[in-house]
Structure formats: C-alpha cells, structure tokens
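Sequence lines set the chain letters: A, B, ... in the order given, protein chains first and strands last, and positions in each chain run from 1.
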Amino acid sequence: MKRLKIKEVLAGGQVGQQVLVKGWVRTKRGSKNVNFIALNDGSTIHNLQIVADVEKFGEELLKEINTSTSLAITGELVESQGSGQAVELNASDIIIYGKADPEKYPIQPKKHSLEFLRENAHLRFRTATFSAVFRIRHAMAFAIHKYFNDKGFYYLHTPIITASDAEGAGQMFRVSTLPAVNPPSTEEGDVDFAQDFFGRPTNLTVSGQLEGELGATALGEIYTFGPTFRAENSNTTRHLAEFWMIEPEMAFYELTDNMDLAEEFLKYLIEYALENCLDDLKFLSNRLQQEEKDKPADQRSMELIEKLQFVRDNDFVRCTYTEAIDILKNSKPYKKGKFQFPVEWGIDLQSEHERYLVEKHFQKPVILINYPKDIKAFYMKQNDDGKTVAAMDVLFPQIGEIIGGSQREENYDKLVARMEEMDIPAEEMWWYLDTRRFGTVPHAGFGLGFERFILFVTGMGNIRDVIAFPRTPKNAEF
RNA sequence: UCCCUAGUAGCUCAGUUGGUUAGAGCGGCGGACUGUUAAUCCGUAGGUCGUAGGUUCAAGUCCUACCUGGGGAGCCA
C-alpha cells in the first residue's frame, strides 16, 4: 500500500479508505480498552488521531509507544466519534520503527520554554511551534525564488569566500589553511598570507552586493540568496554570526524603482504566506495570543494574521531622513527629554528613534531615504545637494531595519573620489570600478535579512528561533 | 563589548530577617478508568541548590571571581 502524508489524509482522505501513514508520536492517551495516538509526520501542523484497540494489539506493544516513537500504521479511515477531529485512523497494523525512552527523551508532552528548546535545537523540529516556523521559512524561501523568477531576475551565486574587505559591513571571519600556531611570517613579522591557500588573506563574505553589481550590469536584473557572515560580537535577538540574505541588484533602476520593488516584494511574500501557510500562522498566532494574555492591555501587539494583512494592504510611508529628523525634533519624547541619544541632522538614527517613527508616529512600515553621506557606504549615489546619498532603509515594527539598499553611484570619477575620502583602496577594487569604466548605467539594489523577515512573518521574538542551527558568539553547537 | 537580570528535581518555578529532614505543578514510573483531546483519579521515585573560593557556630540564602542563559544598548541585515 502506498504511504500517504498526513496532510493528504486530512485534506482528501475518504471515510472507509484503507491508508498507510508513517510518522512520530506527539502524545498518547488511553483507557482500559482503547489508546489514542496523535501522529505527526511533519507535512502539516495537524496530527492524525490513531485509534488502537488494547485487546487487539496487547498492552505490551502499546506500552512501547511513547512521545516521539516512530511508527508505520495501516488502518481504515473512519469518522471520528470524538469532537476534536473529523476523521481518525482505526489501526489494523502497527509497526514500530524506533522507540523513544520517555525517561530520557527531553521533549515532553507539555509546554517548554523556547530557551530550553534552543538548547535542544537538534530535536526542536519535533515540536509544533518549530515545525510551523520551519515550514513557513521554507515557503518564504520558495516564494522568493518564485517572485524573482517570474519577474525575469536571474539567481546569481556570488562567492562565499572573498578577498575583498572593502565594504566595511562588519568584522569578518578569516578563511585560512595556515597553522593557527606559529604561522609563517614575513620579514616584518606579519602573517605571510602569500603562503596561504589562496596566496592572499581571504574571508567569509559579508555581502554579495559588489559581485551582484557585476552580474546586474550585464544580465540586467539579478538576485543573490545565500549565507552571509559577520564576526561581530553582537548578542541580541536580531543578530546572527551566520545568516541568510537576499540581495537583488537591478540595472536601470533608480531609487524610486528600488523602493517600489522592495515594497512589492515584501507584500508578495506576505501574501504568499497568508495563501499557503495559514494553518501554521494560525497556530503561531494562538501561541502568541496565549502569551499576550499576561501582558497589560496597552502593551499587547496586533494579532499576527491581522498584522500581516495590514502590511500587505497598506502603502509603506516614504520619508526623507531630513523630514524624519524634523518629526523627531517635534515629538513628545524629544521635547520631554525621553530619548537617550541626541537628535541632530547628521547623526545615525538610533533604534529608539526608528521605533518611534515606525511604531508611534506612522504606525506602519516606513522607507527612509536620502541619508547623510557620511553615515552611509561609499558606493551609494551622491545626491545633487552634496550632502546626502540615495540610500533607503525599510523599517518594520519591532524588528527595525529589515532592508537596507540604495541607488549606486554610477559615475566613475565621483565614486573614486568618494573612495579616496573614505580611505578605501581603489586599486584592490579595480574589478568593481570596471563596471563604471565600461558602459556604466544607473542601477540600484537592496539587501533583505531573511531571518529578520521570518521573525516578522512568524511573530517569533528571537532570531535564534527562526534559523535551524543558529551561530552566535560562543555558540556553534549542532 | 557595555548595562540589567537569572541559574534549586527531566521541565516551569517557590524557598521568609542565614537556622532542623529543600517544596509544588507538570513530565516519568505503578495502578484505576467504556472514546481520549497536552484526558481524569489514586499512588510513587526523583536534588552535590551553575562552578571555584570566602565570611559564619551554621550558607540554597551573604561576599568575590568565573561560566552559561535571558532582556536591553551599540554594530547592523
């Protein structure tokens, strides 16, 4: 008999049909005559209720079935006598693949803290919460490829190992095959990277953008989607040492086109989640509502699905940096001295400022544009005012900056001048500058932090809970 | 990296101004139960109180250092 996924059984199974299912036990309940096994195979948040007659299978066999025991079950699909489900499987044959000793198996049929499950990240997929999160994560990855493919973008694989460290996006992880103890040294006493694998210092990438621009200025529209690495000692709910980033880069796009794309893209993904992941979203939403009950009324946030619909259905606010500074200066917290950091044209906005703009003032996603050039990267297009660059940051409630992007400086002379001002060695970037020397065009792009976006869609609070195997300072377990 | 906070049973926690034998719920185990919904009822086992020092007649409780977790900040996606 062909095995069916539980999702298929629940969606299309017919009463009276003989079916074979395989999965892991979530819970088992029982009385003298009959046992109920909630079986899950990962295909859906929902379990299939297995009814096992005690007399038929014997207490010996049923005793071996505990939480997380793996089973194959054949039986007849019947209308459920209980009220919790429409159909259930009347077992005629049970095969145990692997037992799970209930005294040693750490995931109990009860509510666990996310911290505890994080320490058991190898088994947390077996919980309803994490299976929901990772199904949604998959769906979003798939939707990203679908969105760009349908729009004629090409998926470009930029390198993981890179020799360029010019962008200054953060501390990098060195990639080396030199011995850690007594590496070969030069006459000056420095490590002699000429003897290293690549013959020069190399690192894990912090961004595929610069290589992405090479692709975009020939293929037209490209995107990257891959792992990115930052060796910053960041210990927050929003940072990882290894995370995934989506970086589209488009020839002939100016800043407004870039904003339009970012907004359409995010809304497409949210719509995709609402269309394809509703069961998982409902589960996560209920979970959140349970937690919200304990909070005072004014601290409760919008229900998850409502929040997603709200973002999908409303225009993002577009606001210049200069306007944002004015808004902040006229704000209540500013006038009452509630901000910890000063507000002045030229400063980088602190998260307290961003949160005020997004959560209090506008109360919807905000795209901030035209930042002072001194707080942004060298490659951003210099505006005519001589003070600002064509940068854009998309800010989301709770999460903060979810997208950072810009129109790029396409003028060779301006770009080189800016690199000199910022002490970026132009000779090492010769390959990047060639895009401006030969057939340069206006172009733009942005980077979306994948995990930050998944935080938003799932409503989870800690970025370590939306990536399968989080890499953070002092933690590379599993 | 900085600030705050926590570490007691498998999990979530309580443990009074330092004072006898460290408790509960859940989970586990044993039993009961005519179909349960993270079942219910009865019973039962389970602890080097994060680690190392120190103060004291006496430390889970006070002090110091370190380790680990959580929250916030910075950096950023």
Side-chain angles (χ1 to χ4, degrees), chain A residues 25-38 46-55 59 63 66-67 78-85 88 90 100-120 127-128 167-171 205-209 227-247 290 339-341 348-352 354-355 375-377 393-396 399-405 446-456 461-467 472-475 477:
Chain A
V25 175
R26 278 285 165 76
T27 61
K28 188 182 77 167
R29 297 172 291 273
S31 63
K32 194 176 186 179
N33 300 325
V34 67
N35 273 210
F36 301 94
I37 300 163
H46 301 297
N47 303 322
L48 179 62
Q49 173 153 289
I50 311 295
V51 183
D53 191 273
V54 173
E55 205 173 318
E59 285 186 25
K63 233 178 195 175
N66 300 108
T67 299
V78 296
E79 232 173 89
S80 180
Q81 295 175 34
S83 59
Q85 56 283 314
E88 61 193 16
N90 221 334
D101 184 346
E103 299 217 49
K104 291 178 182 146
Y105 180 65
I107 316 290
Q108 302 161 354
K110 57 170 284 193
K111 190 177 166 74
H112 285 292
S113 68
L114 294 173
E115 291 81 14
F116 173 74
L117 293 171
R118 212 171 288 149
E119 286 171 13
N120 291 279
T127 64
E167 205 195 337
Q171 286 289 110
T205 183
V206 293
S207 163
Q209 181 203 313
T228 318
F229 307 87
R230 305 273 166 93
E232 297 288 350
N233 190 12
S234 298
N235 253 302
T236 80
T237 53
R238 301 180 304 283
H239 289 83
L240 291 164
E242 177 182 300
F243 64 100
W244 288 65
M245 191 152 61
I246 298 100
E247 295 180 288
Q290 295 293 321
F339 286 137
Q340 198 187 333
F341 292 89
D348 210 349
L349 295 179
Q350 303 294 324
S351 40
E352 60 177 354
E354 294 181 350
R355 292 190 71 142
I375 59 172
K376 288 291 181 184
D393 283 0
V394 181
L395 309 178
F396 264 33
I399 293 168
E401 185 180 343
I402 199 165
I403 278 181
F446 61 82
L448 169 69
F450 188 48
E451 284 78 15
R452 287 194 182 171
F453 180 69
I454 302 299
L455 276 182
F456 180 75
N462 191 316
I463 202 162
R464 290 159 202 168
D465 295 332
V466 297
I467 188 167
T472 52
K474 301 276 187 291
N475 185 6
E477 192 68 67

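For the C1' atoms, the distance linking B:A9 with B:G47 amounts to 6 Å, nearest Å. A gap of 23 Å separates the P atoms of B:A52 and B:U12, to the nearest Å. Rounded to whole Å, the C1' atom of B:G50 lies 6 Å from the corresponding atom of B:G7. Taking atom P in both B:C62 and B:U16, one finds a spacing of 9 Å when rounded to whole Å. For B:U44 and B:U17, the C1' atoms lie 37 Å apart once the distance is rounded to whole Å. Straight-line distance between the P atoms of B:G60 and B:U21: roughly 11 Å, to the nearest whole Å. Nucleotides B:G19 and B:A58, compared at atom P, are 14 Å apart to the nearest Å. Comparing B:C63 with B:U56, their P atoms are spaced 16 Å from each other, to the whole Å.
At the phosphate of B:G72, OP1 or OP2 sits under 4.0 Å from a side-chain N or O atom of A:Thr237. At the phosphate of B:C75, neither OP1 nor OP2 sits under 4.0 Å from any side-chain N or O atom of A:Arg238. For the pair A:Lys63 and B:G30, the criterion of a side-chain N or O lying under 4.0 Å from OP1 or OP2 is met. A sub-4.0 Å separation between OP1 or OP2 of B:U37 and a side-chain N or O of A:Arg26 is absent. When the side-chain nitrogen and oxygen atoms of A:Arg118 are compared with OP1 and OP2 of B:G70, one or more of them lie within a distance under 4.0 Å. For the OP1/OP2 pair of B:U36 and a distance below 4.0 Å, the side-chain nitrogens and oxygens of A:Arg29 include no atom meeting the criterion. For the pair A:Ser351 and B:G74, the criterion of a side-chain N or O lying under 4.0 Å from OP1 or OP2 is met. Of the side-chain N and O atoms in A:Gln350, one or more sit less than 4.0 angstrom from OP1 or OP2 of B:G74.
Screening A:Leu455, A:Thr236, A:Thr237 against A:Asn462 for a side chain to side chain contact (heavy atoms under 4.5 Å, CB included) leaves a single residue, A:Thr237.
The CD-C1' distance, from A:Glu232 to B:A73, rounds to 14 Å in whole Å. Note: CD (A:Gln340) to C1' (B:G74) measures 10 Å, nearest angstrom. When rounded to the nearest whole Å, the span between NE2 of A:His239 and P of B:G72 equals 12 Å. Summarising the geometry, the separation between CG on A:Asn120 and P on B:G10 is reported as 13 Å, rounded to the nearest angstrom. One interatomic measurement links the two molecules: CG of A:Asn475 to P of B:C67, which rounds to 16 Å at whole-angstrom precision. One interatomic measurement links the two molecules: CD of A:Glu477 to P of B:G69, which rounds to 11 Å at whole-angstrom precision. The distance from atom CG of A:Asn233 to atom P of B:C2 is 9 Å, rounded to the nearest whole Å. Taking atom CG of A:Asp101 as the reference point, atom C1' of B:G28 lies 9 Å away to the nearest angstrom.
In this structure, A:Val51 and A:Val34 have side chains that are in contact, with non-hydrogen atoms separated by less than 4.5 Å. Annotation: side chain of A:Ile463 is in contact with side chain of A:Arg452 (closest heavy-atom distance under 4.5 Å). A:Glu59 places a side-chain heavy atom less than 4.5 Å from the side chain of A:Val54. Contact of the A:Val394 side chain with the A:Glu401 side chain is not registered, since no non-hydrogen atoms from C-beta on lie closer than 4.5 Å. Looking at heavy atoms from C-beta onward, A:Leu117 lies in side-chain contact with A:Thr127 at the 4.5 angstrom threshold. Contact check for A:Phe36 versus A:Lys28: no side-chain heavy atoms found under the 4.5 Å cut-off.
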List, with names and distances, any nitrogen or oxygen atoms from the protein found under 3.5 Å away from nitrogen or oxygen atoms belonging to nucleotides 33-35 of chain B.
{"unit_1": "B:U34", "atom_1": "O4'", "unit_2": "A:Asn33", "atom_2": "ND2", "d": "3.2"}
{"unit_1": "B:G35", "atom_1": "OP1", "unit_2": "A:Ser31", "atom_2": "OG", "d": "2.3"}
{"unit_1": "B:G35", "atom_1": "O6", "unit_2": "A:Gln81", "atom_2": "NE2", "d": "2.9"}
{"unit_1": "B:G35", "atom_1": "N1", "unit_2": "A:Glu88", "atom_2": "OE2", "d": "2.8"}
{"unit_1": "B:G35", "atom_1": "N2", "unit_2": "A:Glu88", "atom_2": "OE1", "d": "2.6"}
{"unit_1": "B:G35", "atom_1": "N2", "unit_2": "A:Glu88", "atom_2": "OE2", "d": "2.7"}

I'd like a table of atom pairs between the protein and nucleotides 12-15 of chain B - only N or O on both sides, under 3.5 Å - with the distance next to each one.
{"unit_1": "B:U12", "atom_1": "OP1", "unit_2": "A:Ser113", "atom_2": "OG", "d": "2.9"}

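The base of B:C75 lies close enough to the side chain of A:Ser234 for a donor and an acceptor atom to sit less than 3.5 Å apart.
Stacking between A:Phe450 and the base of B:A77 is absent under the criterion of ring centres within 5.5 Å and planes under 30 degrees.
As judged by a 4.0 angstrom heavy-atom cut-off over every strand, A:Gly449 is placed among residues touching the sugar-phosphate backbone only. No contact: A:Lys104 has no heavy atom under 4.0 Å from any strand. Residue contacts for A:Leu448: at a heavy-atom cut-off of 4.0 Å it reaches no nucleic acid atom on any strand shown. A:Pro102 comes within 4.0 angstrom of sugar-phosphate atoms only, judged by non-hydrogen atoms across all strands, and of no base.
A donor-acceptor contact shorter than 3.5 Å links the side chain of A:Glu232 to the backbone of A:Gln171. Looking at A:Glu247, its side chain does come within 3.5 Å of a backbone N or O of A:Gly208 through a donor-acceptor pair.
A salt bridge links A:Asp393 to A:Lys376: one of the charged nitrogens lies within less than 4.0 Å of a carboxylate oxygen.
Closest non-hydrogen pair, A:Pro227 versus A:Thr205, comes out as O-CG2, 3.9 Å.
Both A:Asn462 and A:Tyr105 sit near RNA chain B, but only A:Tyr105 has its closest nucleotide nearer the 5' end. Between A:Glu103 and A:Glu451, the residue anchored closer to the 5' end of RNA chain B is A:Glu103, taking for each the nucleotide with the nearest heavy atom.
Remark: A:Phe450 engages A:Phe225 in a ring pair (Phe, Tyr, Trp, His ring centres under 6.0 Å) (not counting sequence neighbours). The salt bridge (charged side-chain N to carboxylate O under 4.0 Å, His left out) test applied to A:Arg118 returns A:Asp465, not counting sequence neighbours.
Paired regions of RNA chain B, where each region holds three or more successive Watson-Crick or G-U pairs whose two hydrogen-bonding distances fall under 3.5 Å, are B:1-7 with B:67-73, B:10-13 with B:23-26, B:28-32 with B:40-44, B:50-54 with B:62-66.
Evaluation of the side chain to side chain donor-acceptor pair (under 3.5 Å) test over residues 104-113 of chain A, restricted to residues two or more places apart or in two chains, returns A:Ser68-A:Tyr105.
Side-chain contact of A:Arg230 with A:Thr228: a donor-acceptor pair under 3.5 Å is absent, judged by distance alone.
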